[in-house]
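Sequence positions, counted from 1, serve as the residue numbers for this chain.
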Amino acid sequence: MYLSKREAEYSIRTEDKIDVIEFQSPIPSGIEKVDKAKAFLFKSNDSKKSVVFIHGTGQRNFDHLKYYPLIFSKSGYATLMPILPYHFERTPEGQKSGLAFIKGTDKQLAKRFDQTVTEVLTWVDYLEKYGFNEINIMGFSFGGMIATISMAIDKRIRKGSFVVTGGNYEYITWHSVATKVLRVNYEENKSCTPIVCNIKHRIFERMIEEFSELEDLEKMHPCFTYDPSIFAKFIKPENVIFFEALFDLFIPKKSSRDLWERMGKPRRYELLSGHLTSHLFFRHFIANKTLEFFKEE
């Protein structure tokens, strides 16, 4: 998992001064719409500093999150913003953006995470190929989970900003309002229950301790293989800035704290907001603190 070869042929066109880049996903799902990887590159003059910005699970559009790439690109950081598989225009016909990703068995989710993280690493390949000598990452909500796994795997990523995100899916699956569809799906196919999940997680700590290389994922329960908390120990705390919403119903406090602690308790800002209102009320603060952090030597 996360070890597939990444040989992409990038197609590039420009729309409204923003590069639109596409390639065929290195890990195809077999669904044509899903397998056409796409990203927007917000350029920053001749700067060779960059950010990969990973959006969260959305059902409408992500135009409001373009605020961050626009701010970063004006501040010297070219910003690449991918559309993730099973989201927005990459959603299978008849399904809802985002929900199409999380609805399924743990084995299906593992394959989707594999595809998504591999694509993010392919976007890092793109930035390196075109001469960017500094690559950072920022993940919002679900995007923070993808960003955590990506940064843990790829040491070309210098620093990471993680916004209203978390780890340990035992907390997220059974206590988040965002994962109701997943719980219903588990109940329907009888693939998991809170009791079964708790039993599986009794070896969670041991799996983290024994995890030293990607091949070790083959020994784990499928739901462990895409849990950010499993990967957190591979990220140095001095390379992380973390934002937690104190009234978050989507990312339970235990989940947010679990990931933050396993990252080594990096610099953290607690926001007096809920999950969605974190962007509404604190977007300037989040963007400015992230930029300050990226600029630090």
J.: Is there a path from I153 to I230 through hydrophobic residues (I, L, V, M, F, W, Y) whose side chains come within less than 4.5 Å of each other?
T.: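 Linked within one cluster.
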
J.: Quick one: do S29 and D35 satisfy side-chain hydrogen bond (donor to acceptor under 3.5 Å, both in side chains)? Show the steps, please.
T.: CA-CA 6 Å; S29 68; D35 294 338; 2.9 Å; yes

J.: Where is the tightest heavy-atom contact between G167 and L259, given as atom of each residue plus distance?
T.: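 Nearest heavy atoms, G167 then L259: N-CB, 3.6 Å.
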
J.: Under the salt bridge (charged side-chain N to carboxylate O under 4.0 Å, His left out) rule, what pairs show up with a residue in residues 218-232, not counting sequence neighbours?
T.: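 As it turns out, the salt bridge (charged side-chain N to carboxylate O under 4.0 Å, His left out) pairs with a partner in residues 218-232, which skip direct neighbours, are D216-K219.
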
J.: Salt-bridged, D19 to K43, with N to O below 4.0 Å?
T.: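 Yes, this pair counts.
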
J.: Below 30° counts as parallel, above 60° as perpendicular, anything between as tilted: where do the rings of Y226 and F113 land?
T.: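 The rings of Y226 and F113 lie parallel, inter-plane angle below 30°.
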
J.: Are S161 and T290 linked by a side-chain donor-acceptor pair shorter than 3.5 Å?
T.: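 Yes, a side-chain donor-acceptor pair sits under 3.5 Å.
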
J.: Kindly indicate whether the side chain of M151, heavy atoms from C-beta on, has any atom under 4.5 Å from the side chain of N239.
T.: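 They are in side-chain contact.
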
J.: So which atom in A245 and which in V164 form the shortest heavy-atom distance, rounded to 0.1 Å?
T.: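 Minimum heavy-atom contact is CB-CG1, 3.5 Å.
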
J.: Are R257 and E270 within salt-bridge range, i.e. N to O under 4.0 Å?
T.: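 Looking at R257 and E270, the cut-off is met.
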
J.: Can you say whether the rings of F243 and Y269 are parallel (under 30°), tilted (30 to 60°) or perpendicular (over 60°)?
T.: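 Answer is parallel, since the angle falls under 30°.
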
J.: Determine the minimum heavy-atom distance between A100 and Q95, stating which atoms define it.
T.: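 So the two residues come closest at CB-OE1, 3.3 Å.
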
J.: Any sub-3.5 Å donor-acceptor pair from T148's side-chain atoms to G144's backbone N or O?
T.: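 Judged by distance alone, yes, a pair lies under 3.5 Å.
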
J.: Determine, stepwise, if the pair M81 / K66 fulfils side chain to side chain contact (heavy atoms under 4.5 Å, CB included).
T.: CA-CA 8 Å; M81 186 177 188; K66 289 181 180 178; 3.9 Å; yes

J.: Parallel, tilted or perpendicular: which one describes the rings of F224 and F204, with boundaries at 30° and 60°?
T.: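 If you compare the ring of F224 with that of F204, the planes turn out perpendicular.
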
J.: Taking all non-hydrogen atoms of both residues, which atom of P26 and which atom of E119 are closest, and how far apart?
T.: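 Residues P26 and E119, closest heavy atoms: CD-CG, 4.2 Å.
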
J.: Do V52 and P82 touch side chain to side chain, with heavy atoms closer than 4.5 Å?
T.: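 Yes, their side chains come closer than 4.5 Å.
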
J.: For the residue pair R112 and Y86, would you count it as a cation-pi contact if the rule is NZ or CZ under 6.0 angstrom from the ring centre and within 45 degrees of the ring axis?
T.: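 Yes.
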
J.: Minimum heavy-atom separation for F40 and I83, please, with both atom names.
T.: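 Distance-wise, the nearest heavy atoms are CE1-CD1, 3.9 Å.
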
J.: Among K38, K33, K36, which residue meets the side-chain hydrogen bond (donor to acceptor under 3.5 Å, both in side chains) test with E89?
T.: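 Running side-chain hydrogen bond (donor to acceptor under 3.5 Å, both in side chains) over K38, K33, K36 with E89 returns exactly one hit, K38.
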
J.: Apply salt bridge (Lys or Arg N to Asp or Glu O under 4.0 Å) to residues R262 and E205 and explain how you reach the verdict.
T.: CA-CA 11 Å; R262 294 185 194 280; E205 297 296 333; 2.6 Å; yes

J.: Just grab all the salt bridge (charged side-chain N to carboxylate O under 4.0 Å, His left out) pairs involving residues 156-173, residues at least two apart or on different chains.
T.: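 Output for this query lists D125-R156, E128-R156, E134-R158, D154-R156.
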
J.: Using the six-membered ring wherever Trp is involved, compare the ring planes of Y130 and Y126 and label them parallel, tilted or perpendicular (cut-offs 30° and 60°).
T.: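 The arrangement is tilted - the two ring planes meet at 30° to 60°.
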
J.: Any side-chain heavy-atom pair from I54 and V120 closer than 4.5 angstrom?
T.: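 A side-chain contact under 4.5 Å exists here.
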
J.: When the ring planes of Y68 and F72 are compared, do they come out parallel, tilted or perpendicular, using 30° and 60° as the limits?
T.: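 Answer is tilted, since the angle falls between 30° and 60°.
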
J.: Side chains of D106 and H221: does their closest heavy-atom pair fall under 4.5 Å?
T.: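 A side-chain contact under 4.5 Å is absent here.
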
J.: Is the shortest side-chain heavy-atom distance between Y67 and H279 below 4.5 Å?
T.: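 In short, these two side chains touch, coming nearer than 4.5 Å.
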
J.: Do L271 and I286 touch side chain to side chain, with heavy atoms closer than 4.5 Å?
T.: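 Heavy-atom side-chain distance check passes, below 4.5 Å.
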
J.: Heavy-atom distance under 4.5 Å between the side chains of N168 and S255, does that happen here?
T.: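 Result no, sub-4.5 Å side-chain heavy-atom pair not found.
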
J.: Does a salt bridge link R206 with E209, judged by any charged N lying under 4.0 Å from a carboxylate O?
T.: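 A salt bridge is absent here (no side-chain N lies under 4.0 Å from a carboxylate O).
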
J.: Work out which heavy atom in I27 is nearest to a heavy atom in S4; give both atom names and the distance.
T.: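 Nearest pair, atom of I27 first, then S4: CD1-OG, 3.5 Å.
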
J.: Does the Lys NZ or Arg CZ of R268 fall within the cation-pi geometry relative to F242 - under 6.0 Å from the ring centre and within 45° of the axis?
T.: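 Negative - R268 is either too far from the ring of F242 or too far off its axis.
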
J.: For residues 13-37, pull every pair meeting ring-ring contact (aromatic ring centres under 6.0 Å, His included), keeping only residues two or more places apart or in separate chains.
T.: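 Checked against ring-ring contact (aromatic ring centres under 6.0 Å, His included) - neighbours excluded - the pairs reaching residues 13-37 are Y10-F23, F23-W123.
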
